[in-house]
Amino acid sequence: YHEFIRNQEDRMVLEKALNMLKDELRQVVKMTYYDDLSQTEIAKTLGISQMQVSRRLRKALDILHHNLQ
């Protein structure tokens, strides 16, 4: 039971942190980790280069890491 509650709390904290990201960064994170798409697939979907996806993902993860500290 305690583990379940802890997981729910973690999920809520992560969702709050994700919602603080700019749309283009949040979109890349969700497509990567929720939709399980590759950077190439994300790039094609968004009409940007794979390098731009990589940069957005790195920036988003840096921000999330900072905000969750």
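Please read these numbers as outputs of a predicted model, since none were measured by experiment.
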Atom [atom1] of [X] and atom [atom2] of [Y]: how far apart are they, to the nearest 0.5 Å?
{"X": "Leu46", "Y": "Arg56", "atom1": "CG", "atom2": "CZ", "value": "6.5 Å"}
{"X": "Leu21", "Y": "Ile63", "atom1": "CG", "atom2": "CD1", "value": "6.0 Å"}
{"X": "Ile5", "Y": "Asp10", "atom1": "CD1", "atom2": "CG", "value": "11.5 Å"}

Restricting to pairs with a member in residues 21-40, which pass side-chain hydrogen bond (donor to acceptor under 3.5 Å, both in side chains), not counting sequence neighbours?
Glu15-Tyr34, Asp23-Arg26, Ser38-Glu41, Gln39-Gln50
Side-chain heavy atoms under 4.5 angstrom apart, residues restricted to Ile, Leu, Val, Met, Phe, Trp, Tyr: same cluster for Leu57 and Met20?
no
Single-linkage hydrophobic cluster, 4.5 Å side-chain cutoff, Leu18 and Leu68 together
yes
Sequence-distant partners of Arg58, side chain to side chain contact (heavy atoms under 4.5 Å, CB included), two or more places apart:
Leu61, Asp62
Side chain to side chain contact (heavy atoms under 4.5 Å, CB included) with Gln8: which residues, sequence neighbours excluded?
Phe4, Arg11
Please walk me through it: do Met31 and Val53 pass side chain to side chain contact (heavy atoms under 4.5 Å, CB included)?
CA-CA 10 Å; Met31 292 175 92; Val53 172; over 6 Å; no
